[in-house]
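Here the structure comes first, spelled out in structure tokens, and everything after it is commentary.
Computed from a prediction, not measured in an experiment: that's the story for all the values here. Remember, it's 1-based here, ligands and their atoms both numbered in the order they're listed.
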Amino acid sequence: MQELVISPSILSLDYAHVSEQLKELDESGAKWLHFDVMDGHFVPNLTFGPDICKGFSQAVDMVMDVHLMVTDPWLISNLFIKANADLITFHLEAVKDMEDALALCKHIRAQGVMAGISVKPNTSAEALLPYLDQMDLVLVMSVEPGFGGQSFKSEVLEKVRLLRAEIEARGLNTRIEIDGGINDETAKAAIAAGCDTLVAGSYVFKHNIKAAVDALLCLKQ
Ligand code: DX5
Ligand code: ZN
């Protein structure tokens, strides 16, 4: 398995103290920063556009991990590619079919950006299995996308085990990221099931950022 990475979700950032929080994040053990991009259509919530990604990318030395919860990932991915995204993950539920998903991965990767595909809790990951070599990451949602602070759905770990078995059997280095309801307890179960990348919003920002990231990093196997 790859090195454990923590990706704090800026959905839970304290926007009254942005520069202090970015400094704390940059000085923590978190190597990635997770952007939950919501368009008010794919999910019933609205967040931020590419300028935030561009600005934050100049303020911290972290991997810009962009999670698109949008109806038109072809359009929005181009905006974030121009805004210094390092990884763009879109939803399988937002594209026409697997062929369209693979074409979008190819388009993103052709511009030197990593590509990921996300599945909601009730979407099977089976369709991804033959094509795991064509993406850099699979994002398994452990809550319904849209809002931070929800409880972890442990039934999605079955999907994680399936993906991990396939990745190991084929000797791939595709990452498995989990998103939603991660804390020091649920993270343990997620890592045991095969996740190597943990998104955490409320858990990180409700505590001291560095201490919370360290507590998650300690769980590595
Ligand atoms: C939900 C988002 C998550 C969310 C995680 O749509 O994709 O990234 O911010 O937040 P917590 O860790 O609070 O569940
Ligand atoms: Zn997310």
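- Every residue meeting the ring-ring contact (aromatic ring centres under 6.0 Å, His included) condition with Y203, not counting sequence neighbours, appears here in chain and number order: H207.
- The Zn ion (ligand 2) has H34 NE2, D36 OD1, H67 ND1, D179 OD2 as protein N, O or S atoms under 2.8 Å away.
- Checked by atom type, the side-chain pair S7/D65 shows a donor-acceptor distance below 3.5 Å.
- The cationic atom of K210 (NZ for Lys, CZ for Arg) does not lie both less than 6.0 Å from the six-membered ring centre of F205 and within 45° of the ring axis.
- For the pair K96 and E99, the salt-bridge criterion is not met [side-chain N within less than 4.0 Å of a carboxylate O].
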One pair per line, please: each N/O atom of ligand 1 matched with every protein N/O atom under 3.5 Å away, atom names first, then the distance to 0.1 Å.
residue, atom, partner, partner atom, Å
ligand 1, 6 (O), G146, N, 2.7
ligand 1, 7 (O), D36, OD1, 2.9
ligand 1, 7 (O), H67, ND1, 3.4
ligand 1, 7 (O), D179, OD2, 2.9
ligand 1, 8 (O), D36, OD1, 3.2
ligand 1, 8 (O), D36, OD2, 2.6
ligand 1, 8 (O), D179, OD1, 2.5
ligand 1, 8 (O), D179, OD2, 3.1
ligand 1, 9 (O), S9, OG, 3.3
ligand 1, 9 (O), D36, OD2, 3.1
ligand 1, 12 (O), G201, N, 2.8
ligand 1, 13 (O), G149, N, 2.8
ligand 1, 13 (O), S202, N, 3.0
ligand 1, 13 (O), S202, OG, 2.3
ligand 1, 14 (O), G181, N, 2.8

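- A salt bridge between K153 and E144 is absent, with no side-chain N of the basic residue lying under 4.0 Å from a carboxylate O of the acidic one.
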Show the numbers, then the answer: is there a salt bridge (Lys or Arg N to Asp or Glu O under 4.0 Å) between E20 and K23?
-> CA-CA 5 Å; E20 295 95 310; K23 189 167 184 290; over 6 Å; no

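- Between D196 and R164, at least one side-chain nitrogen of the basic residue sits less than 4.0 Å from a carboxylate oxygen of the acidic one, meeting the salt-bridge criterion.
- Under a 3.5 Å cut-off, the side chain of K120 and the backbone N or O of H91 do not form any donor-acceptor pair.
- R109 pairs by the side-chain hydrogen bond (donor to acceptor under 3.5 Å, both in side chains) definition with D136, not counting sequence neighbours.
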